Amino acid sequence: MKKDDMDNRIRLPEGYRISHGGRSYTISRYVSAGGNSIVYQAWYQDSLMPEKTHQVLIKELYPYDPAGRITRRENMCLEIGPGAEKLYGDHKKSYLLGNRVHLTLATEGKGGIADNLDSFEENGTVYTVLTARKGQVLAEMLKEKRYFPSLEDTVKCIRGLLNILELFHEHRLLHLDVSPDNIFILDPREKGAFPTELLLLDFNSVYSMDDQTTYLGDYYPGKPGYMAPEAVLSRTGEMGPWTDLYSVAAVWYTMLCDGKTPEDMEISNEKELVSPYSRLLLHEKEVAAEQVNRILNRGLRIMPSDRYPSIRDMRADIQELSDILTGAVRIPVFRTPSAGNRKRPAAGIWAAGAVLLACAAFFGGRLSLTAEKGGSAASGETDVVTTENTKLDLYQFPLETDDSVVLTQQDVRYPLVDNRMDVQVQTSTAVRIMLRDYEHSRDTSEVIDTYSLFTFYTGEGDKRGWQNADLTYDFFYTEDNTLHMELPFQDPNHFNLDYVGVIFQNFNYDESELILDITRCTLVDGAGNSYEMTELLGSHLLFFDEERWQQNMITTENRKYVETFDDIRGGRLIVDARACYLDPVLEVTWTSDNPDIATVDERGRVQGLRQGTATLTATVRDKNTGEERSTQMLVNVISKL
């Protein structure tokens with residue numbers, strides 16, 4: 001018998017048998033649990049051919065009670081303790097209503113809903129037997145890092161989910177508990193294929209829009225991140241199809257982000273909820289990434305009136321995305337030009353003279369300086385000069401820097417300007433190190449075959465160049481962990497070229513530290529002229545974890561030589577790189593002179609704690625030669641307001 005750390009319910013053990021009506025069901029494994037019931041996978045023997053078995057799902061009415069008053073005895077029977085009778089009774093009413101809805105919808109025969117074979121009472125509670133192939137709950141799949149291999153596979157799943165929910169909405173019903181815990185992904189019928197066929201489980205939170213008394217909101221707190229705000233607040237008058245569609249959008253976000261839970265999506269004010277450079281969008285057309293984010297932004301709006309009003313409306317946008325992916329339609333990208341280009345500004349001039357910080361009064365985000373007007377202060381005549389959003393002069397803080405140690409803020413992807421960086425209070429970022437002209441030994445005894453290199457080019461406004469995926473990335477499968485890549489420039493558009501770059505990806509999705517040596521990065525234009533992108537040449541020290549599984553290294557050095565996609569069409573980007581694990585070669589340390597303001601760990605992760613400045617020092621030591629390099633950077637922790 002098992003139970004979760006956060007759930008006091010004791011599950012039926014594997015191998016346990018439930019007998020009813022002359023048939024014995026054997027529990028194979030636990031599948032999932034909701035606020036109302038627990039679902040198991042089970043099997044029973046065929047009556048004529050006992051060597052054959054039938055796979056089923058068994059749902060057990062076992063309400064979750066935070067007070068622990070509903071328990072299981074050693075004989076597996078449920079015991080309803082004092083004070084829990086009403087709780088159990090309400091849940092039983094909801095459970096039976098869910099069964100009636102299940103039977104009604106299953107007769108429609110439209111798929112996505114397992115047939116309800118039987119319901120019966122045993123062990124002091126109620127069981128329901130459902131037909132099902134073998135499979136796995138989506139939450140469990142993602143927890144085991146069985147991620148979707150393509151955007152198209154996620155779209156297939158979402159289409160299936162919308163088809164199932166359409167049955168509910170046609171009968172004026174809402175599911176209200178659509179989440180990865182309640183989506184059962186069936187094993188594929190075709191061997192080797194990725195599973196995209198699904199069933200929707202747990203109808204026990206179902207709500208009739210014609211009978212508000214069916215809603216047991218007090219007993220269904222919902223799953224954080226997947227329940228629409230009006231459902232969380234039990235505002236039944238505001239609930240409708242858009243409430244379930246919020247959950248659909250949240251589930252899709254989780255599929256796209258490899259299990260990440262969506263929280264406060266709209267409040268975050270991010271136009272791109274899923275980065276175009278994320279794993280599933282990286283190789284897709286730019287307009288496909290825009291359509292994905294357009295759907296998510298509308299589906300996850302806080303106000304119900306701002307969301308998709310019906311499945312038909314959401315399905316239309318999903319269909320448009322499918323047409324983009326298959327090439328059935330070509331939609332031009334329209335974007336508002338960004339203010340200025342993204343070229344790094346020239347280094348500032350060190351400020352001369354004293355800074356009037358002692359005379360400044362900071363209030364409401366404004367810096368006010370009071371200066372005398374043409375005479376003595378005694379005249380009382382003064383000019384008040386108010387400068388909004390005046391920035392602290394960071395150049396009054398001297399730093400000891402080494403030009404051969406280049407620091408880059410990972411979220412920005414460009415080297416720091418003069419080794420100075422702003423971080424908001426209670427937020428974090430990471431800083432990456434690149435060493436110029438660094439010769440070192442490499443341990444090639446272990447093949448780095450789960451890491452890939454990806455080359456790309458992008459136009460202004462993040463208009464990515466059209467690239468054949470087979471020609472843009474490859475894995476370090478060679479014995480000496482080296483790689484040579486050539487990316488042909490073939491985009492027929494007429495965009496201005498912004499930057500070129502290299503992406504290094506860890507498909508283990510685990511914590512690891514590597515050195516990526518880029519020894520050549522040559523841009524060949526359409527006329528055959530070659531230009532070396534020297535800003536990318538060097539030893540990049542890369543730290544990976546489950547969230548930061550890819551590192552982007554980009555440069556705008558190409559702007560010195562070419563301007564548009566037309567200039568490079570017919571040319572190519574040539575990259576030579578080699579990789580090795582960092583630990584045998586280098587020791588990297590980071591320190592902060594003011595850890596009350598900002599902290600930094602050994603992987604370069606910086607955390608802003610409160611407003612102020614801190615000087616961080618990065619030191620790199622070669623473990624074989626003892627050579628040491630060190631540089632400093634300034635962190636300015638600013639208010640979020």
Side-chain angles (χ1 to χ4, degrees), residues 32 34-37 39 59 63 90-91 93-108 110-114 116 128 138 157-184 198-254 262 295 298-315 318:
S32 67
N36 180 281
S37 60
V39 179
K59 188 169 63 171
D90 286 342
H91 273 286
K93 176 184 175 182
S94 173
Y95 183 96
L96 295 176
L97 172 63
N99 271 7
R100 283 196 294 273
V101 169
H102 196 155
L103 287 166
T104 300
L105 299 183
T107 58
E108 301 277 336
K110 294 185 179 180
I113 297 174
N116 190 323
T128 301
L138 176 60
C157 275
I158 294 302
R159 280 180 178 278
L161 188 54
L162 290 176
N163 291 340
I164 298 168
L165 288 174
E166 191 170 40
L167 284 172
F168 281 78
H169 297 177
E170 286 174 352
H171 287 79
R172 304 267 307 153
L173 300 170
L174 302 178
H175 187 278
L176 295 187
D177 198 12
V178 177
S179 72
D181 290 322
N182 286 333
I183 296 174
F184 190 73
L198 57 85
L199 297 175
L200 189 57
L201 304 177
D202 198 348
F203 292 13
N204 303 329
S205 58
V206 69
Y207 167 69
S208 170
M209 289 183 275
D210 297 325
D211 181 8
Q212 296 187 7
T213 62
T214 61
Y215 185 62
L216 296 177
D218 293 341
Y219 295 141
Y220 292 100
K223 296 176 179 66
Y226 298 101
M227 214 167 186
E230 64 272 19
V232 173
L233 298 173
S234 299
R235 294 181 178 175
T236 55
E238 298 177 12
M239 295 195 303
W242 47 87
T243 306
D244 278 342
L245 295 180
Y246 179 99
S247 303
V248 172
V251 167
W252 193 26
Y253 174 90
T254 296
I295 295 169
R298 187 175 182 187
L300 293 170
R301 303 297 290 178
I302 289 177
M303 297 299 296
S305 58
D306 294 335
R307 286 185 228 132
Y308 288 104
S310 69
I311 285 178
R312 181 183 61 185
D313 294 284
M314 188 173 190
R315 184 187 281 131
I318 293 287

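Owing to the predicted nature of the structure, the values given are computational and were not obtained by experimental measurement.
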Next on the checklist: Quiz question: by atom type and distance under 3.5 Å, do the side chains of Asp313 and Ser310 form a donor-acceptor pair?
Outcome noted: yes
Checklist outcome for this item: With sequence neighbours left out, the residues meeting side chain to side chain contact (heavy atoms under 4.5 Å, CB included) with Ser32 are Val39, Val137, Leu201
Item to check | From CD1 (Ile158) to CE (Met314), nearest 0.5 Å | outcome: 6.5 Å
Item to check | Test side-chain contact (heavy atoms from CB on, under 4.5 Å) applied to Tyr253 and Ile295, step by step | outcome: CA-CA 10 Å; Tyr253 174 90; Ile295 295 169; over 6 Å; no
Next on the checklist: Please give me the minimum heavy-atom distance between Pro229 and Tyr246, naming the atom from each residue.
Outcome noted: CD-CE1, 3.9 Å
Next on the checklist: For a 4.5 angstrom cut-off between non-hydrogen side-chain atoms, does Leu198 reach Leu138?
Outcome noted: no
Item to check | Arg312 atom CZ, over 12 foreign heavy atoms within 6.0 Å | outcome: no
Checklist outcome for this item: All heavy atoms of Leu174 vs all of Phe168, minimum pair found to be C-CD2, 4.3 Å
Checklist entry - Between Asp306 and Arg298, is there a donor-acceptor pair closer than 3.5 Å when you use the side chain of the first and the backbone of the second? => result no
Checklist outcome for this item: In this structure, OG of Ser247 is separated from CG of Leu165 (nearest 0.5 Å) by 8.5 Å
Next on the checklist: So which atom in Ala231 and which in Met239 form the shortest heavy-atom distance, rounded to 0.1 Å?
Outcome noted: CA-SD, 3.8 Å
Checklist entry - With a 4.5 Å heavy-atom cut-off, do Trp252 and Ile318 have their side chains touching? => result yes
Item to check | Polar side-chain atom of Arg307 near backbone of Ile302 as donor-acceptor pair, under 3.5 Å | outcome: yes
Checklist outcome for this item: Value for OG (Ser179) from CG (Leu200), rounded to nearest 0.5 Å, stands at 9.0 Å
Next on the checklist: Applying salt bridge (Lys or Arg N to Asp or Glu O under 4.0 Å), can you list everything that pairs with Arg315, at least two apart in sequence or on another chain?
Outcome noted: Glu166
Next on the checklist: Quick check: closest heavy atoms across Tyr308 and Trp242, and the distance to 0.1 Å?
Outcome noted: O-CB, 3.2 Å
Checklist outcome for this item: Here the pair of heavy atoms bringing Met209 nearest to Gly240 is SD-CA, 4.1 Å
Checklist outcome for this item: In terms of heavy-atom contacts, Pro262 and Thr254 come closest through CD-OG1, 3.4 Å
Next on the checklist: Could you check whether any side-chain heavy atom of Leu173 comes within less than 4.5 Å of a side-chain heavy atom of Tyr207, counting everything from C-beta outward?
Outcome noted: no
Next on the checklist: Keeping Ser234 on the side-chain end and Glu230 on the backbone end, is there a donor-acceptor pair under 3.5 Å?
Outcome noted: no
Checklist entry - Are Asn36 and His91 close enough, and set up right, to give a side chain to side chain donor-acceptor pair (under 3.5 Å), and what steps lead you there? => result CA-CA 6 Å; Asn36 180 281; His91 273 286; 3.0 Å; yes
Next on the checklist: Which residue is it: Ile311, Leu300, Val178? I am looking for the one with a side chain to side chain contact (heavy atoms under 4.5 Å, CB included) to Leu245.
Outcome noted: Ile311
Checklist entry - Are any side-chain N or O atoms of Asp244 and backbone N or O atoms of His175, one a donor and one an acceptor, separated by less than 3.5 Å? => result yes
Next on the checklist: Under the rule for ring pair (Phe, Tyr, Trp, His ring centres under 6.0 Å), what residues qualify as partners of Tyr226, not counting sequence neighbours?
Outcome noted: none
Item to check | CD1 on Ile183 to CG on Leu161, rounded to 0.5 Å | outcome: 5.0 Å
